[in-house]
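Each chain gets a letter, A, B and so on, in the order the sequences are listed, and its residues count up from 1.
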Amino acid sequence: MKSKELITHLFEACKDGRSVSQLHSQILKNGLISNSLFVTKLNSIYTKYSSLELARKLFDETPDRTVYLWNSILRSHCREKQWEVTLHLFNNMLSTTSTMSDKPDNFTVPIAIKACAGLLALRTGKTIHGLVKKNDKINSDMFVGSALVELYAKCGEMGDALGVFEEFPEPDVVLWTSMITGYQQNGNAEKALSFFSRMVMDEGLTPDRVTLVSVVSSCAQLMNLGAGKCVHGFTIKMGFDTDLSLVNSFLNLYAKTGSIRNARNLFEKMYEKDVISWSSMISCYAQNQKPDEALSLFNQMVEKRYDPNSVTLVSVLQACAAAGNVDEGRRIHELAKRKGCELDVSVSTALVDMYMKCSCIEKAVDLFKRMPQKDVVCWGAFISGYAQNGLANESLGIFRSMLSDGTRPDAVIMVKVLKACAELGILHQALCLHCYLVSSGFDDKVFVGAALIDLYSKCGNLENSIRVFEGMNQRDVVVWSSMIAGYGIHGFGSEAIRTFNRMIESSRVIPNDITFLSILSACSHTGLVEEGFKIFDEMVHKYQIEPTSEHYSVMVDLLGRTGKLDKAMEFISQKQVPSGAHVWGALLGACRIHQNVEMAEAVAKKLFRLDPDHAGYYVLLSNIYAVDGKWDSVAKIRNLVKEKGLKRTPGQSLIEVKSRLHTFSAADSSHPEFECISWLLRELEVKMREEGYVPDVDFMLHDV
DNA sequence: TTAGGGTTAG
């Protein structure tokens, strides 16, 4: 008894972590280590002061273990996310001879299940679930229920999760929240919100901070800013607005929905910030076309001694890619190496993407080859990397490698492949891919439909585009824009305008800047000047969309093509257009069509200043001179290009024969059937001349 | 002694 008093006294004196080890040595000195009651009490103190090693040592030294002691050590390992150790200990617990006092109880089971969830060990989890069902007390425990729901949700088995949930006649807020979170994390935000509504409206339960986090995440997933703002109001009313996780989830909501100002305000007013807050704000800028702000925020973060994690690096890399800032990208790469996360899947994928977008193909290839494991996402970055660098055919080759590597494609990958085919204009492959999409069920995704419409129209098969378009039961702004662009490419301007009107009148879809680009270019290709200007005006005033230099160049093209060169010039100067090279390039093209040498010279002068390394503009001017017979001017430009060391990317012709792609470029005789092809061409030329064909000499390339 | 939560890559 004397020693018990001593120990009680010591426990009371133990106010913080430092005195724990003193307490420990006192216990050892007094020979109380075998007293399991005290050991247990000491163990809980160790757990509290987070010294897992000491706690574990004590546990291992104790032969006489109560459930209380087991639970304490299991929970400690679980908190440290040591899932394997936790499960291993749990198995030890099961296999040691069980008396009534050391059997796993309703406190033990949720810990073991959580470890299964952490390892995504569905099988082991199901075995434990089987054991649970035999014990009424454990089976009806709400904590056990939540843990099971979490396990099934993490493994993507929401059906099983629902089965567990429905066994409880009166689920509490935690159990409801587990279901809501489960649906949200499995990409079913609508279901998550409907469960939330049932919980609040039907059951009259009040959500807590954790529930609200999942609800806000669901709103973000659905891009529903309005609903999210309602929840924000409620949060403030409930006094939860200082909860870091919850505020971070609002930050994410504003970031995802492009509400940069809301995000920034919230971020600046935040009572406390952590890495997640900084990462979210950086990603907000990176994903909303503000890469420079993202980079500067990252530097601020580092200055303030916050430690960026791999998620932060991924977001900054995205910003580097968007800004085309390969120097900064390399710096982040070095940082990732130093932090030892260079080869994390997400980091290396972001690096591959960044290098590809900055045209450093070799760097990207090197990294890709070194990646220890490759998933769909990184294959996707690699595939579109090639396509972005003008190597669409090679990107199809990568796709084939992916398949033979045993990686199953998903809808996003398929869209990339469709885009590559569209670039190459290969119809036969398009048809095959479409079949595959139908059989795999990817074709009901809206963005896949949009890509198909684009693909068919670029392969010259507008009928199929229309068929896909009309067959869709849901159409977003991208789908409509693709269809409008399709009509435009094929020269059906008024059909494009009709579709545009149908979109606005019958489906309440709001056109965006790209929709306008498509419709304006349709007008340009069909010579619908008046209609084009009307639509341009609507864009600016009714839809409040600020025209980009691309919009301006389409307008210049529209005027220029129809011969209104002066008006085009006037349009550029009068609108105080941000005169990017595109705009003047369009005008130079128009000068070429209408052979206006004088204006061409003036325009080219501006262009050579704006974009001095663009070989295409020199070629255009040289061709204009050539048509006019000004051969000395042609020669002058030719020398200029030589001096500057500019190279034209050679044009290529592609043809698809029996689903094999054949490519040809100027003065290229490398095709195995070159002789045969040349012979056939000569035959055709003779026949064409016999039919009265006169070649257009103007277009003979006096190439530089 | 328990529990459910927030940021990322194509």
### Message
Please classify the nucleic acid contact of A:Asn252 as base, sugar-phosphate, or nothing, using heavy-atom distances under 4.0 Å.
### Response
sugar-phosphate
### Task
Take atom CE of A:Met142 and atom C1' of B:dA3, then tell me their distance rounded to the nearest Å.
11 Å
### Task
Examine A:Phe59 together with A:Trp70 and report whether their ring centres are nearer than 6.0 Å.
yes
### Query
Of all of residues 370-386 of chain A, which get a heavy atom below 4.0 angstrom from DNA chain B, listed by number?
A:Asp375, A:Val376, A:Val377, A:Gly380, A:Ala381, A:Ser384
### Query
Is the shortest heavy-atom distance from the side chain of A:Thr206 to the side chain of A:Met238 under 4.5 Å?
yes
### A:Phe196 CZ to B:dG5 P, straight-line distance once rounded to whole Å
17 Å
### Residue A:Asp172, side-chain heavy atoms: nucleotide from B:dA3, B:dG10, B:dT2 that is nearest
B:dA3
### Message
Over all strands shown, is A:Leu246 touching base, sugar-phosphate only, or nothing at heavy-atom distances under 4.0 angstrom?
### Response
base
### Query
Taking atom types as they are modelled, is there a donor-acceptor pair under 3.5 Å from the base of B:dT2 to the side chain of A:Arg75?
no
### Query
Just wondering, do A:Asn186 and A:Lys191 contact through their side chains at under 4.5 Å, heavy atoms?
no
### Message
Within 45 degrees of the ring normal and closer than 6.0 Å to the centroid, is that where the cationic atom of A:Arg264 sits relative to A:Phe267?
### Response
no
### Query
Any Lys/Arg nitrogen of A:Arg331 or A:Glu334 sitting under 4.0 Å from an Asp/Glu carboxylate oxygen of the other?
no
### Query
So, A:Tyr68 and B:dT1: ring centres less than 5.5 Å apart, planes less than 30° off, yes or no?
no
### Task
Please confirm whether any donor atom in the side chain of A:Ser178 sits under 3.5 Å from an acceptor in the base of B:dG4, or the reverse.
no
### Task
Name the orientation class of the two ring planes belonging to A:Phe368 and A:Trp379 (parallel below 30°, tilted from 30 to 60°, perpendicular beyond 60°).
perpendicular
### Query
Less than 6.0 Å separating the ring centroids of A:Trp176 and A:Phe165?
yes
### Query
What does A:Lys419 touch in the nucleic acid at a heavy-atom separation under 4.0 angstrom: a base, only the sugar-phosphate, or nothing?
nothing
### Separation of B:dT8 P from A:Leu335 CG (nearest whole Å)
19 Å
### Message
Taking the side chain as everything from C-beta on, heavy atoms only, tell me whether A:Ile128 gets closer than 4.5 Å to A:Phe90.
### Response
yes
### Query
Which one, B:dG5, B:dG10, B:dT2, comes nearest to the side chain of A:Phe143?
B:dT2
### Query
Rounded to the Å, how far apart are A:Ile111 CD1 and B:dA3 P?
8 Å
### Task
Give a yes/no on whether any side-chain N or O of A:Lys114 is located under 4.0 angstrom from OP1 or OP2 of B:dG4.
yes
### Query
Quick one: does A:Arg56's side chain get under 4.5 Å of A:Asp60's, heavy atoms only?
yes
#### Entry: A:Val173 side-chain proximity, nearest of B:dG4, B:dA9, B:dT7
B:dG4
### Query
Crowded around A:Ile514 CD1? As in, over 12 foreign heavy atoms under 6.0 Å?
no
### Query
How many Å lie between CG on A:Asp344 and P on B:dT7, as a whole number?
18 Å
### Closest to side chain of A:Asp353, choosing from B:dG10, B:dG5, B:dT8
B:dG10
### Task
Using whole Å, report how far CG of A:Leu251 lies from C1' of B:dT8.
14 Å
### Query
Just checking A:Asp208: base, sugar-phosphate only, or nothing, at a heavy-atom cut-off of under 4.0 Å?
base
### Task
Give the rounded distance in Å between these two atoms: CG of A:Leu351 and P of B:dT8.
18 Å
#### Entry: Selection: residues 285-312 of chain A, any non-hydrogen atom under 4.0 Å of DNA chain B
A:Gln287, A:Asn309, A:Val311
### Query
If you check every side-chain atom of A:Phe107, which of B:dT2, B:dG10, B:dG5 has the closest atom?
B:dT2
### Task
Report which part of the nucleic acid A:Ser72 touches: base, sugar-phosphate, or nothing (heavy-atom distance under 4.0 Å, all strands).
nothing
### Query
How would you label the contact of A:Ser348 with the nucleic acid (heavy atoms, under 4.0 Å): base, sugar-phosphate, or nothing?
nothing
### Query
Of the candidate nucleotides B:dT8, B:dG5, B:dT2, which contains the atom at the shortest distance from the side chain of A:Arg209?
B:dG5
### Query
Hey, does the side chain of A:Arg79 come within less than 4.0 Å of B:dT2's phosphate (OP1/OP2), counting only N and O?
yes
### Task
State whether A:Lys154 and A:Glu150 are salt-bridged, where the test is any N-O pair (Lys NZ or Arg NE/NH1/NH2 against Asp/Glu carboxylate O) under 4.0 Å.
yes
### Message
Quick check: do A:Met281 and A:Phe298 have side-chain heavy atoms less than 4.5 Å from each other?
### Response
no
### Separation of atom CE in A:Met199 from atom C1' in B:dG5, rounded to whole Å
13 Å
### Task
Could you check whether A:Asp243 gets within reach of a base, just the sugar-phosphate, or nothing at all, counting any heavy atom under 4.0 Å?
base
### Message
Once you apply a heavy-atom cut-off of 4.0 Å, does A:Leu244 come out as touching a base, just sugar-phosphate, or nothing?
### Response
base
### Task
Indicate, with a heavy-atom threshold strictly under 4.0 Å, whether A:Ser280 touches base, sugar-phosphate, or nothing.
sugar-phosphate
